[in-house]
Amino acid sequence: QVQLVESGGGLVQAGGSLRLSCVVSGRTFSSNAMAWFRQAAGKEREFVSGIFWRSGNTYYADGAKGRFTISRDSAKNTVYLQMDSLKPEDTAVYYCAAGKGGTLSRGYDYWGQGTRVTVSS
């Protein structure tokens with residue numbers, strides 16, 4: 001079993017920054033990749049960014065490129081999402097996920113409980 005616990009969400013003004021963290025524990029050997037998804041009110045969950053655990057290779061949704069940075073600290077079993085130049089449309093609940101990889105939710109078997117990010121204008 002894999003457990004993921006997110007933290008770091010909160011309220012920030014437009015143009016500000018937040019760093020989300022996701023601590024991973026449990027049987028992680030089958031999880032090739034980690035990713036961040038988000039779900040805004042009334043919308044479907046969407047992919048934000050992903051990282052392959054071993055290689056560190058990263059991939060981003062178009063809206064995240066240039067503003068968000070995903071990284072991992074293997075020693076701490078932690079994945080981060082640094083979010084800069086935040087916009088009101090970034091407001092959502094952000095979820096950490098572990099699994100095979102890709103940009104679709106079905107590529108991930110394990111999910112955290114989510115952390116809320118609110119960006120005020």
Side-chain angles (χ1 to χ4, degrees):
Q1 190 70 17
V2 177
Q3 293 84 41
L4 292 77
V5 179
E6 304 102 331
S7 62
L11 173 64
V12 64
Q13 288 187 335
S17 298
L18 281 175
R19 187 176 81 156
L20 307 183
S21 300
C22 174
V23 179
V24 186
S25 61
R27 296 167 60 87
T28 59
F29 61 86
S30 62
S31 297
N32 206 29
M34 301 291 299
W36 289 93
F37 287 75
R38 69 185 184 187
Q39 188 166 18
K43 295 186 177 181
E44 294 187 354
R45 188 172 298 186
E46 64 177 3
F47 170 78
V48 177
S49 181
I51 186 167
F52 287 98
W53 198 251
R54 291 186 179 180
S55 67
N57 289 341
T58 60
Y59 45 108
Y60 296 90
D62 286 344
K65 290 178 182 176
R67 298 191 300 126
F68 294 0
T69 304
I70 191 170
S71 62
R72 64 156 177 25
D73 184 332
S74 298
K76 296 182 178 180
N77 279 349
T78 302
V79 176
Y80 303 98
L81 185 68
Q82 176 68 40
M83 304 187 294
D84 299 317
S85 302
L86 283 162
K87 305 174 182 179
E89 50 263 45
D90 294 317
T91 295
V93 177
Y94 284 70
Y95 296 91
C96 178
K100 295 181 177 61
T103 62
L104 301 178
S105 297
R106 64 172 179 259
Y108 299 87
D109 302 310
Y110 303 99
W111 294 82
Q113 82 289 350
T115 185
R116 184 174 299 277
V117 171
T118 303
V119 184
S120 63
S121 56

ask   = Do the side chains of V93 and Y95 get nearer than 4.5 Å, heavy atoms only?
value =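 Yes - at least one pair of side-chain heavy atoms lies under 4.5 Å apart.
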ask   = Pairs in or reaching into residues 36-121: which pass disulfide (SG to SG under 2.5 Å), with residues at least two apart or in two chains?
value =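 Pairs touching residues 36-121 that pass the test: C22-C96.
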For [X], enumerate each residue passing the side-chain hydrogen bond (donor to acceptor under 3.5 Å, both in side chains) test, keeping only those at least two apart in sequence or located in another chain.
X    : answer
E89  : none
S121 : none
K87  : none

ask   = In the single-linkage hydrophobic clustering (I, L, V, M, F, W, Y; side-chain heavy atoms under 4.5 Å), do F37 and L18 co-cluster?
value =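 Unlinked, F37 and L18 end up in two clusters.
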message = Among residues at least two apart in sequence or on other chains, which ones pass salt bridge (charged side-chain N to carboxylate O under 4.0 Å, His left out) with K76?
response =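 Once residues adjacent in sequence are excluded, K76 has no partner under the salt bridge (charged side-chain N to carboxylate O under 4.0 Å, His left out) criterion.
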key: ring-ring contact (aromatic ring centres under 6.0 Å, His included) partners of Y59, counting only residues at least two apart   =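 Once residues adjacent in sequence are excluded, the partners of Y59 under the ring-ring contact (aromatic ring centres under 6.0 Å, His included) criterion are F47, F52.
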Work out which heavy atom in [X] is nearest to a heavy atom in [Y]; give both atom names and the distance.
X    : Y    : result
G101 : A33  : CA-CB, 3.6 Å
I70  : S49  : CG2-OG, 3.2 Å
S21  : T78  : CB-CG2, 4.3 Å
T69  : Y60  : CA-OH, 3.4 Å
G102 : Y108 : O-OH, 2.6 Å

ask   = Got a sec, which pairs hit side chain to side chain donor-acceptor pair (under 3.5 Å) with one end in residues 5-20, sequence neighbours left out?
value =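 Of all non-adjacent pairs touching residues 5-20, those that pass side chain to side chain donor-acceptor pair (under 3.5 Å) are E6-Q113, S17-D84.
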key: Pairs flagged by side chain to side chain donor-acceptor pair (under 3.5 Å) wherever residues 33-48 is involved - sequence neighbours left out   =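 As it turns out, the side chain to side chain donor-acceptor pair (under 3.5 Å) pairs with a partner in residues 33-48, which skip direct neighbours, are R38-E46, R38-D90, R38-Y94.
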message = I'd like to check the side chain to side chain contact (heavy atoms under 4.5 Å, CB included) partners of A98; sequence neighbours left out, ordered by chain and number.
response =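 Per chain and number, A98 pairs via side chain to side chain contact (heavy atoms under 4.5 Å, CB included) with L4, S31, M34, Y110.
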ask   = For L11, what residues pass the side chain to side chain contact (heavy atoms under 4.5 Å, CB included) criterion, not counting sequence neighbours?
value =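 Testing L11 for side chain to side chain contact (heavy atoms under 4.5 Å, CB included), a comparison that skips the adjacent residues, returns T118, S120.
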ask   = For Y80, what are the other residues in its hydrophobic cluster, where any two members join if their side-chain heavy atoms are less than 4.5 angstrom apart?
value =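 None, because no other hydrophobic side chain comes under 4.5 Å of this residue.
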query = Testing V12, L86, V119 for side chain to side chain contact (heavy atoms under 4.5 Å, CB included) with T91, which one passes?
reply =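 The side chain to side chain contact (heavy atoms under 4.5 Å, CB included) with T91 is passed solely by V119 among V12, L86, V119.
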